There are 2 protein chains.
Amino acid sequence: MKPNPSKELLKGTLTTIILRLLSEKGKMYGYELAQCVKETTDGKVLIKEGSLYPALHKLEANGLIECEKVMIGKRVRKYYHLTPAGETATAKAINELLDFLNTIHHLITTEPIYGNT
Amino acid sequence: MKPNPSKELLKGTLTTIILRLLSEKGKMYGYELAQCVKETTDGKVLIKEGSLYPALHKLEANGLIECEKVMIGKRVRKYYHLTPAGETATAKAINELLDFLNTIHHLITTEPIYGNT
DNA sequence: ACAAATACATAGATTTACAATGTATTAAAT
DNA sequence: ATTTAATACATTGTAAATCTATGTATTTGT
């Protein structure tokens, strides 16, 4: 019924996570990205194919990542890496996300100032 | 073009924010909630009517909040407050959101462990 | 008198991610 | 040898969340 509790909360962060991991590891392929997120979050965040591949294709279409096809036996593996524009976008996206996390954290843990201005 | 930078990232948090503020202040009306969030986040998070009112109606339909109509002159003002079920849900929602914020923070700031397990 | 703020609300569009499904190769288990 | 699970790519259709735009009406400030 509720296998992925963070499902609804995850919205909007997927692209930033992908960019961040590519920035960290240099190059990764789709399946590897999903496994990496799964392991890093101890199974708490699961990126599904239906989210991952469209996200990668969109990032590629926007010129933020590029892919390099490598044959592993008879199987194609697509390694993605950041473009220069992607590196700039990554730094910006991470800063925005961290700022957002702080803002939300503040909003749900601190006494609101409204009412005594 | 980009008046609300947190727009896409905000998804999934609105309900929790509303519950949290009602828990904090006891009772609030819609417009007050929006103003409170705006002031608390220094304008970085803006809740629009098109998000706010459907969210409030949904919370009410789910039995987590109740409203009390108060006439201010000729104008109706709807004060919302948590039900007992709402108080339980609030605690849970805040914990889940904080856990999620930590998970995402960890994901975008820490060296991934994947690769050396 | 007029503009801005207050205060409610809905309809339609967009975005995001997921579930379900599909194809194919490779490794492991029986 | 055959089956199963894991690897690895992908698409289609669906559901949910939020926004934009719009609407109504009252109150306050100038």
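A note on names: the letters A, B, ... follow the listed sequences, proteins ahead of strands, and every chain is numbered from 1. If you're wondering where the values come from, they're calculated on a predicted model, not measured in any experiment.
- Of the candidates C/dA9, D/dC9, C/dT6, D/dC9 carries the atom nearest the A/Lys78 side chain, counting heavy atoms from C-beta on.
- Taking atom NZ of B/Lys38 as the reference point, atom C1' of C/dT6 lies 12 Å away to the nearest angstrom.
- Put simply, the side chain of B/Thr103 gets close to the backbone of B/Asp99: a donor and an acceptor are under 3.5 Å apart.
- The shortest heavy-atom contact between A/Thr109 and B/Leu98 is CG2-CD2, 3.9 Å.
- Placement of B/Tyr31 and B/Val76 in two distinct hydrophobic clusters is found when ILVMFWY residues are connected by side-chain heavy-atom separations under 4.5 Å, directly or transitively.
- Note on A/His57: every side-chain N or O is 4.0 Å or more away from OP1 and OP2 of D/dC9.
- In this structure, A/Lys48 places its NZ atom 15 Å from P of C/dT21, rounding to the nearest Å.
- Of the candidates C/dA7, D/dC9, C/dT6, the closest approach to any side-chain atom of B/Tyr29 belongs to C/dA7.
- Within the model, atoms OG1 of B/Thr13 and CD1 of A/Ile108 stand 9.0 Å from one another, a figure rounded to the nearest 0.5 Å.
- Screening B/Leu22, B/Leu64, B/Thr88, B/Leu59 for a side-chain contact (heavy atoms from CB on, under 4.5 Å) involving B/Leu82 leaves a single residue, B/Leu22.
- As rounded to whole Å, 11 Å separates atom C1' of C/dA24 from atom CE of A/Met71.
- The shortest side-chain heavy-atom distance between B/Ile17 and A/Ile104 falls under the 4.5 Å cut-off.
- C/dA20 atom C1' lies 16 Å from atom OH of A/Tyr53, rounded to whole Å.
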Pull out every protein N or O sitting under 3.5 Å from an N or O of nucleotides 27-30 of chain D, one pair per line with the distance.
unit_1, atom_1, unit_2, atom_2, d
D/dT27, OP1, B/Lys74, N, 2.9

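- One atom, CD of B/Glu32, and another, P of C/dA7, lie 8 Å apart when rounded to the nearest Å.
- Atom CD in B/Glu49 sits about 13 Å away from atom C1' in D/dT24, given to the nearest Å.
- Look at CD on A/Glu39: it is 13 Å from P on D/dA6, rounded to the nearest Å.
- Contact annotation: the side chain of B/His106 never approaches that of A/Thr41 to less than 4.5 Å [non-hydrogen atoms, C-beta and beyond].
- The closest donor-acceptor contact from the side chain of B/Thr90 to the backbone of B/Gly86 lies under 3.5 Å.
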Protein proximity profile, nucleotides 12-18 of chain D - base contact B, sugar-phosphate-only contact S, no contact -, cut-off 4.0 Å on heavy atoms: ----BSS
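- Following rounding to the nearest Å, A/Leu56 (CG) and C/dT16 (C1') show an atom-to-atom distance of 15 Å.
- Distance OH/A/Tyr79 to CE/A/Met28: 9.5 Å, rounded to 0.5 Å.
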